[in-house]
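Have a look at the structure below, then the notes.
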Amino acid sequence: MTDYQTARVSLGVRLRELREEAGLSGRELASRAGWHPSKVSRLERGNQTAAVADLRRWAWLCGRQDAIEGLIAQLGALETHYTGWRRSLAAGNRARQQNAIEMESRTGTLGIFESVCVPGILQTPDYARMMLRKAAELYGTPTDIEDGVRKRMERRSILDVRRQGLRILLWEPALYTRQAGRRVQADQLDHLAACVRTGRGRIGIVPLGTALSASPVHGFWIYDDERVIVETIGAELDLTDDDAVEPYRRVFDSMDRDAVNGKAALDLVLRARDRLKGE
């Protein structure tokens, strides 16, 4: 169970305690709150995240207004592990990229795995521009795309500053997934090939035909072996509990063993580029 799930279940346990102490059944509480009965069950089991208004109403109906502050604090702790993209990008792309710069500057070792795209610190400006624009359109967030691109390019300095503490793994399908137009995609593959040639980022490629010992369900970033950032479609997860982080460490190590490096990795990138340019 992840930090986020654990925190949501813990909040649900506290809500159930308050309801039972008040002598209310779940159906009675739902009726008084004007909710569907299943909502009470979902909140208590940790299957749904409560809104602040839900917590206030729950405490009031249980006659425990004194519990409101504690419930809201629990919700706040939960949300530190789960940030919806609309909220994460509310201040714009520049602010989001600046936060990443600050986090990366404090990190000694950084492990990156991506399965469907080239990671931000290896992106060309045009490729980054397309990725940021798609995100802004999807989530309806500020469109300060150019500021975001400039900040993302600043992040590339980590490739030279932290050579030994950085390891980037790409699953081969990421080389073929069309995230941008043909020319932009080809230029991105050329840049990636140059990084592989020079050893920037210590880039490894996991070939598609490899019999994987672990399944790369999604991309993730591991900071100092103690924090994992996972970008899902709906939100960004920030995992710090060791029980949640350890599986990512094991999967990363497994993918690292499966990856090819140096000339073998370069050949895979060039093959993808040549195929794209031959279309």
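Just so it is clear, the values below take in all heavy atoms, side chains as well, and ignore hydrogens, waters and symmetry mates.
- Sorted by first and then second residue, the salt bridge (Lys or Arg N to Asp or Glu O under 4.0 Å) pairs involving residues 211-228 (not counting sequence neighbours) are Arg227-Asp238.
- Side chains of Gln123 and Arg152: a donor on one and an acceptor on the other come within 3.5 Å.
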Using atom types as modelled, flag every donor-acceptor pair under 3.5 Å from a side chain in residues 270-277 to any protein atom, sequence neighbours excluded.
{"from": "Arg273", "atom 1": "NH1", "to": "Asp190", "atom 2": "OD1", "distance (Å)": "3.2"}
{"from": "Lys277", "atom 1": "NZ", "to": "Asp190", "atom 2": "OD2", "distance (Å)": "3.2"}

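- The backbone N or O of Leu18 lies less than 3.5 Å from no partner atom in the side chain of Glu21, so there is not a single donor-acceptor pair.
- Leu43 places a side-chain heavy atom less than 4.5 Å from the side chain of Trp58.
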**Evaluation steps, salt bridge (Lys or Arg N to Asp or Glu O under 4.0 Å), between Arg249 and Glu246** = CA-CA 5 Å; Arg249 290 194 291 254; Glu246 175 58 24; 2.6 Å; yes
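- Distance alone, capped at 3.5 Å, is enough to place a donor-acceptor pair between the Thr177 side chain and the Pro173 backbone.
- Nearest heavy atoms, Pro207 versus Trp171: O-NE1, 4.2 Å.
- Considering every non-hydrogen atom in both Gly148 and Leu132, the closest pair reads C-CD1, 3.6 Å.
- Although no hydrogens or angles enter the test, the distance criterion places no donor-acceptor pair under 3.5 Å between the side chain of Ser254 and the main chain of Arg250.
- Closest approach of Leu122 to Ile203, counting heavy atoms only: CD1-CD1, 3.8 Å.
- Note: Ile145 CD1 to Lys134 NZ = 12.0 Å, rounded to the nearest 0.5 Å.
- With rounding to the nearest 0.5 angstrom, the CG atom of Leu266 is 9.5 Å from the CD1 atom of Ile205.
- Across Gly219 and Ser115, no two heavy atoms sit closer than the pair N-OG, 4.0 Å.
- Side chains of Leu192 and Leu175 form a contact here, defined as non-hydrogen atoms less than 4.5 Å apart.
- The hydrophobic cluster containing Ile68 also contains Leu24, counting ILVMFWY residues as joined when their side-chain heavy atoms lie under 4.5 angstrom apart, directly or transitively.
- Distance check: Leu55 CG to Glu69 CD gives 13.0 Å after rounding to the nearest 0.5 Å.
- Taking a cutoff of 4.0 Å between a charged side-chain nitrogen and a carboxylate oxygen, Glu154 and Arg150 do not qualify as a salt bridge.
- A heavy-atom distance below 4.5 Å is not found between the side chains of Leu189 and Val118.
- For the pair Val228/Val230, a side-chain contact is recorded, criterion being any heavy-atom separation below 4.5 Å from C-beta on.
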**Request:** Dump the intermediate steps for side-chain contact (heavy atoms from CB on, under 4.5 Å) on Tyr127 and His191, then the final yes or no.
**Result:** CA-CA 11 Å; Tyr127 187 94; His191 176 68; over 6 Å; no
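- For the residue pair Glu114 and Ala174, the shortest heavy atom distance occurs at O-CB, 4.3 Å.
- Atom CD of Gln185 is separated from atom CD of Gln179 by 7.0 Å, given to the nearest 0.5 angstrom.
- For residues 34-46, every residue pair satisfying the salt bridge (Lys or Arg N to Asp or Glu O under 4.0 Å) rule, not counting sequence neighbours, is listed here: Arg19-Glu44, Lys39-Asp54.
- In terms of the salt bridge (charged side-chain N to carboxylate O under 4.0 Å, His left out) criterion, Arg257 has no residue partners (sequence neighbours excluded).
- Counting only distance, with no hydrogens or angles, the side chain of Thr107 and the backbone of Leu110 share no donor-acceptor pair below 3.5 Å.
- No side-chain N or O of Trp221 forms a donor-acceptor pair with one of Glu231 less than 3.5 Å apart.
- Under a hydrophobic clustering in which Ile, Leu, Val, Met, Phe, Trp and Tyr are joined whenever their side-chain heavy atoms come within less than 4.5 Å, directly or via other members, Leu237 and Phe252 fall into the same cluster.
- Applying the ring pair (Phe, Tyr, Trp, His ring centres under 6.0 Å) test to Phe220 and every residue at least two apart in sequence or in another chain returns Phe113, Tyr248.
- If you take CG on Leu75 and OG1 on Thr49, they are separated by 7.5 Å, rounding to the nearest 0.5 Å.
- The backbone N or O of Ser38 lies less than 3.5 Å from no partner atom in the side chain of Ser41, so there is not a single donor-acceptor pair.
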**Message:** Set out, in order, the CA-CA distance, both residues' side-chain angles and the distance that settles side-chain contact (heavy atoms from CB on, under 4.5 Å) for Trp35 and Val40, then state yes or no.
**Reply:** CA-CA 8 Å; Trp35 298 337; Val40 170; 4.1 Å; yes
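- With values rounded to the nearest 0.5 angstrom, Arg133 atom CZ is found 7.0 Å from Glu146 atom CD.
- At a threshold of 4.0 Å, the pair Asp147-Lys151 does not count as salt-bridged, since none of the basic side-chain nitrogens sits closer than that to a carboxylate oxygen.
- Side chains of Ser213 and Asp258 form a contact here, defined as non-hydrogen atoms less than 4.5 Å apart.
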**Prompt:** Should Asp126 and Arg129 be marked as a salt bridge (Lys or Arg N to Asp or Glu O under 4.0 Å) after you check the CA-CA gap, both sets of side-chain angles, and the distance that decides it?
**Reply:** CA-CA 5 Å; Asp126 286 340; Arg129 186 173 292 109; 2.6 Å; yes
**Request:** Walk me through it: do Leu166 and Ile112 pass the test side-chain contact (heavy atoms from CB on, under 4.5 Å)?
**Result:** CA-CA 8 Å; Leu166 178 63; Ile112 300 170; 4.1 Å; yes
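- With hydrophobic clusters built from ILVMFWY side chains whose heavy atoms lie under 4.5 angstrom apart, Ile101 does not share a cluster with Met131.
- Partners of Asp256 according to the side-chain contact (heavy atoms from CB on, under 4.5 Å) rule, which considers only residues two or more places apart in sequence or in another chain, are Arg167, Leu169.
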**Request:** Check the pair Val116 / Tyr176 against side-chain contact (heavy atoms from CB on, under 4.5 Å), numbers first and verdict last.
**Result:** CA-CA 8 Å; Val116 296; Tyr176 293 91; over 6 Å; no
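- Shown here for Thr124 and Gln188, the closest heavy-atom pair between the two residues is N-OE1, 2.8 Å.
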